[in-house]
Every structure is written in C-alpha cells, then in structure tokens.
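All heavy atoms count here, side chains included; hydrogens, waters and symmetry mates do not. Letters A, B, ... are given to chains in the order of the sequence lines, protein chains preceding strands, and every chain is numbered from 1.
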Amino acid sequence: MTDLRFTLPDKSELVLPAGTTGRQIAASIGAKLAAAALGVAVDGEIFDLDRPLAAGGAARIITAQPRGVKDGEIDRLDREALALIRHSASHVMAEAIVSLFPEAKLVYGPPVENGFYYDIDLDRPLGSDDFPAIEAAMAKIVAADKPFRRIECTREEAMARVAGDAYKTENLRAVPEGEVISFYRTGDDPGAFTDLCRGPHVPSAGRIGAFKLMQVSGAYLHGDEKQKQLKRVYGTAWPTKTALEAYLERLKLAQERDHRKLGQDLEIFSIADEVGSGLILWLPNGAVIRQELEALAAEREFLAGYKRVATPHITKAALYHRSGHLPYYQGSMYPPMTLDDDQEYYLKPMNCPHHHMIYLARPRSYRELPLRLAEYGDCYRYEKSGELAGLLRVRGMCMNDAHIYCSLDQVREEFLGTINLSRYYYEMFRIKDFWIRLSLHSKDKDKYIANEDLWEKSEEIVRDVLKECGLPFEERTGEAAFYGPKIDYQLRNVIGREETASTTQLDFAMPERFDLVYTAPDGTRRRPLVIHRAPLGTHERMIAFLLEHLGGAFPTWLAPVQVVVIPVAERFERYARDIAARLRTDLLRAEVDDSADSFNKKIRNAVTGKTPNVWIVGGKEQAAEAVTWRRHCVAQQATMKLAEAYEALAESRRARLMDNFPDVHPRGWENAARRGSDSSGNGPEAV
RNA sequence: GCUGCUGUAGCUCAGGUGGUAGAGCACCUCCUUGGUAAGGAGGAGGUCCUGGGUUCAAAUCCCAGCAGCAGCUCCA
C-alpha cells in the first residue's frame, strides 16, 4: 500500500495512507471542517465522506457553508453540497414512502435544480394530503441520524438483491459493464431500508437539515408517453431551516413577477372561458404594447429592406397538402371547416405557405433577391390542454414573422442580418439571461430531408456566422427542423421555465414543395433558399417575457399610460389638463388624475400602476410654467420648464430609451433629461 | 392528453362536521383635500365554475364535464 498525495484548494499538499477517507482529510485540516463536511471531491469526482479513497488528487472538502459570501446568498451555496443533501433527502423520502405504502415500487430519484424527486410506481392516488404523513416519517428518519452505509457488490449479487423488482433490475442492467455497483442502507441493521444507488450521500440522515415536499405529478417511465405513468413526488431540501425559508420566500417573490399576475393587475390581457383557453383578449393597455412592438418591428424591418405583406386567417386544405403540413401536423391544427361544396378550410397554423404564394404571385428574377416578406401574422395551433400557460403557450398567437428568399451565396449575409436584428432587440430590451441554441441535423434519414451536401454547407454557414458575431452558443445535434438548421434564442421565465423566444431557420424543403424559382442572370431557372425568422417571437410570448423582465414597469415608449399629470389641489386641474392636452397633440399617452382621491392617494396609484412618468403641478409650477417630474425608476425628482419636459419626454419616446432602468439617468437624472438627445449607451446602434 | 391540486363579489381571500353567504381592496355617491405610497361616511355588487345525483335542505357530500395551476409528454 502506497501513500496517497492530495492537493488542497490552497495548493498545500497532504500525504495520507491509502484507504484514507474524506473525513480524515478534513480532520487533518481542522476539527471544525471535519464537523461541517458532507463529502469530498477528488479531481472533481465526489465521494462519500467515509468512503476509503483509492487514489489521490486535487481534494476539496464539500460543506454546506457558503463560500466567501454573505449570509442569505443562498443562490451560491455550494451546488455540490446541495446535490448531496437533496440526493440523500430523496433517499429518505423513498424510505418514508415505502414504510407507509409497502406496495410502492421505487424507480428513480435524483436531485434536481431546486430540490429532488422520486419516481414511484404506486396504484393508490397520492396527493398533498399525504405529505404530512410522509414528512413526519422522513423527520423521524432524519432525527434518528443513522449513517448511510455504502454496500458494494458484484453484478450477480446485485441481481439477486433486486430480484423481483422489475424497475431496479432494469436500472441495474443500465449500469455500464465494469462500473462499481453499490447499494445504500440506512444504518447497520441488515434488514434496514436499502436502495440500489450510485451515491454519494451525506454521511448520515441527520445532515439533511431542512426539507419540504412540494408537489406530486405524473411522469412517464423513461419520459416515454407510451410507457406507464408513475407518480413523481417533488421535494426541496436545504442545509438549514433559514435557507429553506429563504427559498420559499423567493418562490413567492417570483410569483409576484409572474406575467399572469402582472397582466391582470395592470390590465394587459384577459382570458375568458367563453372565448376559449389559450385565446387571448388584449385589453386596451395590452393593445398599446402590441401596437408599439409592431411599430418597432415595422421600422427595423423597413430599415433592413423587408417588405410588408398581409395574408388571410383561413385557407383551403390544398395549401397545407402542398406545404406538407397535412397530414403530419393535423393533430396540432384546428379541425377544418367544411363548406357546401365539400371544400375544407383550415385556420392557418403558420404564415410561410401564404408567403410562398406571394412569392409565386408572379415570376421572380435574381434581381429581386433577397426578397424579404414580413408580416405580424395571426396563427392558430391546437396545443394540448395541459400545455397551455398564460401568454407563454397559447392557441392563438401573432408572430413577428418574415421569410427571406435568397440564393445560396446570399444565405450568409441574410442569416447575419437576422441575428443582428435579434441582437438589436435583446440589447435594446436589456435581456441578458438567455442562451442561443444551434440545432443541427443528425444522420437519421427518417427525420431529415436527404440533401447531405446542402445540410453540410448550410450548417457550416450558420455556425460561422454565429462565431463571427462572437455570440456564445450551444450546438444540439438532431434537433434541427426536418427542413434545415436553426438558431433559437432560449429565454427563462420567472418560474424557471424555458421557452424559445426568437428563432431563425433555414429551409431547403419548402422551395421544392412550392416549386419556388427565380430566373438567374444566364436565363436559367434556379431555386431560392428560404429563411424563416421571428426575432420578436410572438406578441404573446414576448409580452409575457417583457412583463416579467421589467416587473411590469415599462419604459416610456411602451407604457400604456406614459404620463400622469397630478395636480396638488383641485385649483390646478385646469393647468394639468392643458399640459396633458398638449402632450396628446404630440401623440403621447397622457392623462390627468382628476379623481376625488387625495393627493397622496393619486401618487400611490401612479406608483402601483407603474406609470413611468408622473408630472406634479401646483402653484409653484404654474407660476414658473414648469412641472415637477417624478420617475417610476428613480428616487429623485426634478422641477423643470414645460418646454424642456416636453422635449425630454418626446425624445425618450422617439429614441425608445429604456428609461425604466435607473442607470439611464446617471447622477441626478434631471441632467440626463435635459440633455435629451444624448442617447449614448441607451441602445445599440442601427443594424 | 396524463398525474396531482384548485374553482365563493372585478381582485385577494374567510365561510369545523349540510340549514339559500362575509371581509379588505377596487367600484358608485356625498363630504374633505396646497405638496410626494392609502382622508372620511354611506351605497351597490354574488347563477358560490357548469350539469346531474343524494337529501326535507347542497357553496359544503357523490358523479361527470369545463377552466386554472404545478409537473410529465409535446411544441412545424
């Protein structure tokens, strides 16, 4: 037996005899560390604290102490420590459930982002009513604080142990040949709860700290809809009760930012049973935001050389036969309307076929390419009921759609143009929490159209363009659309759910199906490529994200009410009304709060209503032909001449300043407002 | 679509074990109001999600449906 050499995080070296454990490493550093230790990482691999180590390397003791951060910064608690705690909590929950329902069969129970779950096959209904009993049983196990004993064995021994348990037998078969097979047992009693598990776990049940069961849901075995549906019990676990409570508090705070709540409070949209689920009623405030987004898109697209088109909402079946969407996608289309002459009409699930028809409206020349056809188009898709969620997943949506028809040697530049457009929007909205996915094809012949040469070429182009832009992205093989590679901007909402917000897709299938051609300089007929793109996604999804991203506090240019003028007393209502009327002649959305509310209440209403600009007027202002300007985003306020205020407000609207971010108004925003036309740093330059 | 939870006034929610509903905010009316997050008084407002069933009697119990929420699956 040779000694093992460990390098500690501070670069010091430690030499211990072979078979030493993480606990001994920790103890040799300090008693306090040994007491706090939950596990040990050697060269990145995590081991049970008491597991004899076979090899040395870079060693790090895992504790639940936040590393070098202040109390309460639970986000940065050691992820590995949390995973250990949660994996063990999952194990304890399984033990508790089996003790209460002996017929329950355990399947799989990993730690996940904010907690853990265990998939269980149990025919009895399981609901939150059962949580107190399960939690009580878990608490008992945790209080007993028995060590988790690791039992390693051969494949044959393991097979004998799990005999009769189809799920665990299957799990065991999935363990790669040559990998160590282990079970974990609670305590030393040979009859105690034992589960096939790769580990690692915290040293003993008492180290779990605080846990709470969160919910139960169905989950298909292996994630396959055709397989049996299991019961998945979700829980969360934290090193301390304080950390658990902070997490629950965070969840509550997130709910305050939920677009469904903000959308209701701020009267953005509404959904009515009598209209249908997933079908959005845009209230006046929401309609303003849509209108502003459309104006933004129209402007950017005009500058980028797009032409606007408009197409109908219903269309004969023949078009979707031609596009290939029938019958393959019929399941997610609304069923057809059949007219007297047996003609079937469908609600359109996408705009591309119509745009292709516009392309086909007359013969096209190479001189017209790239031809960019844009439309904010309404589409209807029959999404499964369980998939609908507020504005994020709907059945009726309005897409920021466009199709670019171009030749292969134009693809690169056009793709770059669409990426720059997306990037412009994201920078302008200051959306930073997103990632870009490049979806590529696989060799699966059933899934992708056969044109390996075109695939290779186009994927190369798209990848190059992304690299050239310097945008970080992740490649996903086998996730491309059947007709070509695509780039998606993935956003996370406030609940942590991820959705595609923007997309750019290359298409070499549709030009074939629609027999799209153009006449080349040499007089021959050539086929264009099609780029589908939707940088602002759909109104529904984009406004949902904006609501959550901005917490409902829209910048002046987007805000449904841009200015509320509040007189300090009734005597000044006339002055206030004159100001608002003047603002409205500049097409600014200005209102006077001439309600019977007290002055204080009016201020409060403007604040809770998240109006970006509040102009207060009284005797002082009237005498000076001025207003006192209070912004939603900054603590300061400033009194300024009306002429200046009008100009600053109009400029904010014109330049689409994100003036809801306090840093747009550095060091006393009144100066920033006075500068007016200086928009540097407030938005990207033109694409 | 599947698993679980939920559905009471415009909103947020109370209404042990069956006896035809209540609060706060919002709304309306009146009074009050000269300076930065809730002035006061009064009033109006409910098919208790829908449809069946049990019962002398159902917001409450049972069944079915619809809708919402979380998750699974799916997402051209």
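- Rounded to whole Å, the P atom of B/rU55 lies 38 Å from the corresponding atom of B/rC69.
- For A/S598, taking side-chain heavy atoms from C-beta onward, the closest of the listed nucleotides B/rG39, B/rU3, B/rA38 is B/rG39.
- In this structure, A/F545 has its ring center at least 6.0 angstrom away from the ring center of A/H259.
- Using atom P as the reference point in both B/rG7 and B/rU12, the two lie 13 Å apart (nearest Å).
- A/L126 comes within 4.0 angstrom of sugar-phosphate atoms only, judged by non-hydrogen atoms across all strands, and of no base.
- Within 4.0 Å of A/T628, counting heavy atoms only, lies at least one base atom of the nucleic acid.
- Taking atom CG of A/D130 as the reference point, atom C1' of B/rC5 lies 12 Å away to the nearest angstrom.
- Using a 4.0 Å heavy-atom distance criterion, A/G324 is classed as making no nucleic acid contact.
- Atom-to-atom, CG of A/N605 to P of B/rA38 comes out at 10 Å; the value is rounded to the nearest Å.
- Rounding to whole angstrom units, NZ of residue A/K601 and C1' of B/rA38 are separated by 5 Å.
- Distances were taken from every side-chain heavy atom of A/Q264 (C-beta onward) to each of B/rU12, B/rG39, B/rU73; the shortest belongs to B/rU12.
- For the OP1/OP2 pair of B/rA76 and a distance below 4.0 Å, the side-chain nitrogens and oxygens of A/R381 include no atom meeting the criterion.
- A/P349 comes within contact range of at least one nucleobase, with a heavy-atom separation under 4.0 Å.
- Taking atom CD of residue A/E387 and atom P of nucleotide B/rA76, one finds them 11 Å apart after rounding to whole Å.
- Note: A/Q227 CD to A/Y220 OH = 11.5 Å, rounded to the nearest 0.5 Å.
- Taking 3.5 Å as the limit, the base of B/rC69 and the side chain of A/R260 contain no donor-acceptor pair of atoms between them.
- Within 4.0 Å (heavy atoms only), A/K620 reaches at least one base atom of the nucleic acid.
- Using a 4.0 Å heavy-atom criterion, one finds that A/F572 contacts the bases of the nucleic acid, with or without backbone contacts as well.
- When ring centroids are compared, A/Y376 and A/H539 come within the 6.0 Å threshold.
- Here A/S323 lies out of heavy-atom contact (under 4.0 Å) with every strand.
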Decide side-chain contact (heavy atoms from CB on, under 4.5 Å) for A/F415 and A/I404; before the verdict, give the C-alpha distance in whole Å, the side-chain angles of both, and the deciding distance to 0.1 Å.
CA-CA 9 Å; A/F415 229 94; A/I404 301 171; over 6 Å; no
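- Note on A/E274: nothing from the nucleic acid sits closer than 4.0 angstrom, heavy atoms only.
- The CG atom of A/D597 sits 8 Å away from the P atom of B/rA26 (whole-angstrom rounding).
- The six-membered or imidazole ring of A/W238 lies near that of A/Y247, with a centre-to-centre distance under 6.0 Å.
- Under 4.0 Å is where a charged nitrogen must lie from a carboxylate oxygen, and between A/D123 and A/K105 no such pair does.
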Please list, pair by pair, any protein nitrogen or oxygen found under 3.5 Å from a nitrogen or oxygen in nucleotides 46-52 of chain B.
none

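- Rounded to whole Å, the P atom of B/rC28 lies 27 Å from the corresponding atom of B/rA21.
- Rounding to the nearest 0.5 Å places CG of A/N400 at 11.0 Å from CD of A/E375.
- Residue contacts shown for A/Q505 are limited to sugar-phosphate atoms, with no base heavy atom under 4.0 Å away.
- Among the protein residues, A/L388 comes within range of the sugar-phosphate backbone only, with heavy atoms under 4.0 Å from sugar or phosphate atoms but none that close to a base.
- Using a 4.0 Å heavy-atom criterion, one finds that A/G276 contacts no nucleic acid atom at all.
- Judged as a salt bridge (charged side-chain N to carboxylate O under 4.0 Å, His left out), and not counting sequence neighbours, the contacts of A/D488 are A/R437, A/K486.
- Judged by atom type and distance alone, A/Y220 reaches the base of B/rG1 through a side-chain donor-acceptor pair under 3.5 Å.
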